[in-house]
Amino acid sequence: GENVEQHPSTLSVQEGDSAVIKCTYSDSASNYFPWYKQELGKGPQLIIDIRSNVGEKKDQRIAVTLNKTAKHFSLHITETQPEDSAVYFCAAILYGQNFVFGPGTRLSVLP
Amino acid sequence: KAGVTQTPRYLIKTRGQQVTLSCSPISGHRSVSWYQQTPGQGLQFLFEYFSETQRNKGNFPGRFSGRQFSNSRSEMNVSTLELGDSALYLCASSLDGQGSNEQFFGPGTRLTVL
C-alpha cells in the first residue's frame, strides 16, 4: 500500500521568512495530494491540494509543487506570519483508496 | 454551508466500557471516513462509509465498528475500551470519497479512557 514520509518533523522560522515542508510517497499511481493545517484543538483544515496532472499550484502565500518522477511534493509558505504556526499534514491518495497521511510537521513562526 | 459536525466534543470513559461517537457530514456529501489521531501514531485511517456501506477499512481490531445512515450521518462505536484507545477521533466527509474529491474534517471527539 501507499506510504508517505514527511520532513522535517519540526520547523522554526522567523516571521517573514519562507517555510518548506517536503513529502515523499511510494505508490506512483497516487494521483491526489492535499495539504492540511491543524491548529490546537481543531480538526485538520484543507489549505491546498494538487492533482497528478499539474506540476505546481499557488494560492496567495501558499504553493505546492509536485515531482511525479521523484515521487515527492512540497508545501511552500512565503512571508510567514505567527498565525501560520500549526501542524501541517500531507497526504497521498490513490483513486478508490483511503487517504494516507504523513506524520506531520510542527511549524513555529517566531515573531 | 455548515461544516462537518461531531458530537460529543469530549468524552471520558473507563476501561471496559463502550462508546458511540457521531458525525454529520457536509450537506450533499455521501462519504464519511473516520480517523484516530494520537501523538505517537499520527492520523490513522479507521474506515470509510459510502451509501450506508463500509467501503474501506484500516488495520484496527473488531472492537472498532461503524455505520452510516440513509441521511449520510455516521456513528462509530468502540467496545471494551482500553487505555490505548484514548485519542482524538476525527471524521471527514467528501462527495464520493473516491480520492479525487476534497475531504473535509470535523473538529473531532477527544476520548479519554481511564
Side-chain angles (χ1 to χ4, degrees), chain A residues 1-10 21 23-54 57 59 62 64 66 73 86-106, chain B residues 1-7 9-10 21 23-26 29 31-50 53-60 64 66 87-111:
Chain A
E2 178 64 275
N3 182 53
V4 178
E5 296 183 355
Q6 185 173 346
H7 298 281
S9 56
T10 60
I21 303 170
C23 288
T24 59
Y25 59 99
S26 60
D27 195 328
S28 58
S30 288
N31 59 1
Y32 176 56
F33 308 93
W35 284 90
Y36 288 84
K37 173 185 180 182
Q38 187 174 25
E39 297 175 85
L40 198 61
K42 298 183 179 180
Q45 176 191 6
L46 178 68
I47 56 171
I48 196 167
D49 57 11
I50 193 167
R51 300 181 193 281
S52 58
N53 59 346
V54 176
K57 184 177 178 180
D59 182 4
I62 295 173
V64 55
L66 171 65
F73 56 111
V87 179
Y88 291 81
F89 293 94
C90 63
I93 296 88
L94 176 65
Y95 186 84
Q97 303 299 314
N98 55 279
F99 281 44
V100 178
F101 286 87
T105 295
R106 182 173 299 279
Chain B
K1 196 182 234 187
V4 178
T5 58
Q6 291 187 245
T7 56
R9 292 293 312 279
Y10 302 92
L21 313 181
C23 172
S24 292
I26 292 172
H29 285 192
S31 168
V32 174
S33 296
W34 288 89
Y35 296 86
Q36 181 193 67
Q37 186 176 31
T38 59
Q41 298 297 318
L43 276 159
Q44 300 286 308
F45 173 75
L46 281 156
F47 28 66
E48 184 232 351
Y49 285 87
F50 179 80
T53 301
Q54 187 182 87
R55 194 161 59 174
N56 279 312
K57 189 177 189 304
N59 295 323
F60 279 81
F64 293 81
L88 180 67
Y89 290 88
L90 293 158
C91 83
S93 77
S94 67
L95 279 173
D96 65 8
Q98 283 297 292
S100 60
N101 288 301
E102 297 90 339
Q103 194 169 92
F104 298 91
F105 282 85
T109 293
R110 171 76 61 186
L111 172 64

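First the proteins, then the strands, lettered A, B, ... as listed; each starts at 1.
- Only the side chain of A/D49 comes within less than 4.5 Å of a heavy atom of chain B; its backbone N, CA, C and O stay farther away.
- Residues B/L43 and A/P44 share a closest heavy-atom pair of CD1-CG, 4.5 Å.
- Residues B/Y35 and A/F101 place their aromatic rings such that the two centres sit under 6.0 Å apart.
- There is no contact between B/F47 and chain A, counting heavy-atom distances below 4.5 Å.
- Comparing B/K57, B/Q44, B/Q37 by heavy-atom pairs within less than 4.5 Å of chain A, the highest count is held by B/Q37.
- With a 4.5 Å cut-off on non-hydrogen atoms, A/Q45 does not touch chain B at all.
- Heavy-atom contacts from other residues, nucleotides or ligands closer than 6.0 Å to CG of B/N59 number 12 or fewer.
- Contact of the B/Q103 side chain with the A/Y36 side chain is registered, since non-hydrogen atoms from C-beta on lie closer than 4.5 Å.
- At a 4.5 Å heavy-atom cutoff, B/Q6 makes no contact with chain A through either its backbone or its side chain.
- Under a cut-off of 6.0 angstrom, the local environment of CZ in B/R9 is crowded, with over 12 non-hydrogen atoms contributed by other residues, nucleotides or ligands.
- Between A/Q38 atom CD and B/L90 atom CG the span is 6.5 Å, to the nearest 0.5 Å.
- No part of B/R110 comes within reach of chain A, as not one of its non-hydrogen atoms sits under 4.5 angstrom from that chain.
- Taking the side chain as every heavy atom from C-beta outward, A/N98 and B/E48 never approach each other to under 4.5 Å.
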